[in-house]
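Read through the structure below, which is laid out as structure tokens, and then see the notes.
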Amino acid sequence: MRIIVKDVYKEETTYCVTFLTQYGIGKGKWRGEVPVINNEYFVEIEIPQVLTWGEEITLADTNSCKLLTKESNLQIVGKLESIEDDGCAFVQFDDILIAFATEGNPFSIDTYIELSIREMILCEIKY
């Protein structure tokens, strides 16, 4: 996913960023070399928490990708692509697939879902 870093700050020993995408503004922990403000990066997204269907994963009220901050959580809206037998699910967001661990009874494939997450880790993809 293409992002533009708008702010870099440190929480304890971890660098965090606020970033802009064509789908909205987000924030997350940065893995790798410290990014430069206003630079463009291509990143993968990791979600380190287990999400529960019907709680942190809900049906979206839109059929388009979105990224926004609500209170202390990040909201990601994307299309549910697949669910593995072990509960690992994949959502299509822009040009990337985001993998995340789930529990509970899943929604149908090809529906748009909203993920409410506490934390996101961004990993730069170097081409």
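Annotation for Lys66: atom NZ does not count as buried by contact number, only 12 or fewer foreign heavy atoms lying within 6.0 Å.
In plain terms, the two heavy atoms of Ile45 and Met120 that are nearest each other are CG2-CG, 3.6 Å. Between Asn105 and Trp53, the shortest heavy-atom contact is O-CB, 3.2 Å. The shortest heavy-atom contact between Val8 and Val17 is CG2-CG1, 4.1 Å. Pairing each heavy atom of Phe100 with each of Ile57, the nearest pair is CE1-CD1, 3.8 Å. In this structure, Pro48 and Ile121 approach most closely via the heavy-atom pair CG-CD1, 4.2 Å. Between Cys65 and Tyr23 the shortest heavy-atom distance is O-CD2, 3.3 Å.
You'll find the side chain of Lys29 stays beyond 4.5 Å of the side chain of Leu122, heavy atoms only. You'll find the side chain of Leu59 reaches within 4.5 Å of the side chain of Thr111, heavy atoms only. The closest side-chain heavy-atom distance from Ile98 to Ile96 is below 4.5 Å. With contacts defined as side-chain heavy-atom distances shorter than 4.5 Å, the pair Thr21/Asp94 does not qualify. Counting only heavy atoms from C-beta outward, the side chains of Ile4 and Lys6 approach each other to under 4.5 Å. Side-chain contact between Ile113 and Thr58 is absent, with no heavy-atom pair separated by less than 4.5 Å. Within the 4.5 Å cutoff, no side-chain heavy atoms of Tyr112 are placed close to those of Thr62.
The side-chain contact (heavy atoms from CB on, under 4.5 Å) search around Thr52 returns Glu55, Glu56, Glu103, not counting sequence neighbours.
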| field | Criterion side chain to side chain contact (heavy atoms under 4.5 Å, CB included) on Phe93 and Met1, from CA distance to verdict | value | CA-CA 8 Å; Phe93 184 83; Met1 177 172 68; 3.1 Å; yes
| request: Take Val36 and Val5 through the side chain to side chain contact (heavy atoms under 4.5 Å, CB included) test and state the conclusion after the steps. | output: CA-CA 7 Å; Val36 177; Val5 172; over 6 Å; no
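The structure places CD1 of Ile117 at 8.0 Å from CG of Asn73, a figure rounded to the nearest 0.5 Å. In this structure, OG in Ser72 is found 12.0 Å from CD in Glu119, a value given to the nearest 0.5 Å.
Across Ile3, Leu67, Thr18, Thr69, a single residue satisfies side chain to side chain contact (heavy atoms under 4.5 Å, CB included) together with Ile25, and that is Thr18. Under the ring-ring contact (aromatic ring centres under 6.0 Å, His included) rule, Trp30 has a single partner from Tyr15, Phe19, Tyr9, Tyr41, which is Tyr41. Evaluated for a salt bridge (charged side-chain N to carboxylate O under 4.0 Å, His left out) with Arg2, the options Glu40, Glu124, Glu44 yield exactly one hit, Glu40.
By the 4.0 Å N-to-carboxylate-O rule, Arg31 lies close enough to Glu46 to be salt-bridged with it. Ionic pairing of Glu33 and Lys126 is present here: one or more N-O contacts between side-chain nitrogen and carboxylate oxygen are shorter than 4.0 angstrom.
Put simply, the side chain of Gln49 gets close to the backbone of Arg118: a donor and an acceptor are under 3.5 Å apart.
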Taking only distance into account, with no hydrogens and no angle test, what donor-acceptor pairs under 3.5 Å do side-chain atoms of residues 75-89 form with protein atoms, sequence neighbours excluded?
from, atom 1, to, atom 2, distance (Å)
Gln75, OE1, Ser116, OG, 3.1
Gln75, NE2, Glu114, OE2, 2.5
Asp86, OD1, Cys88, N, 3.0

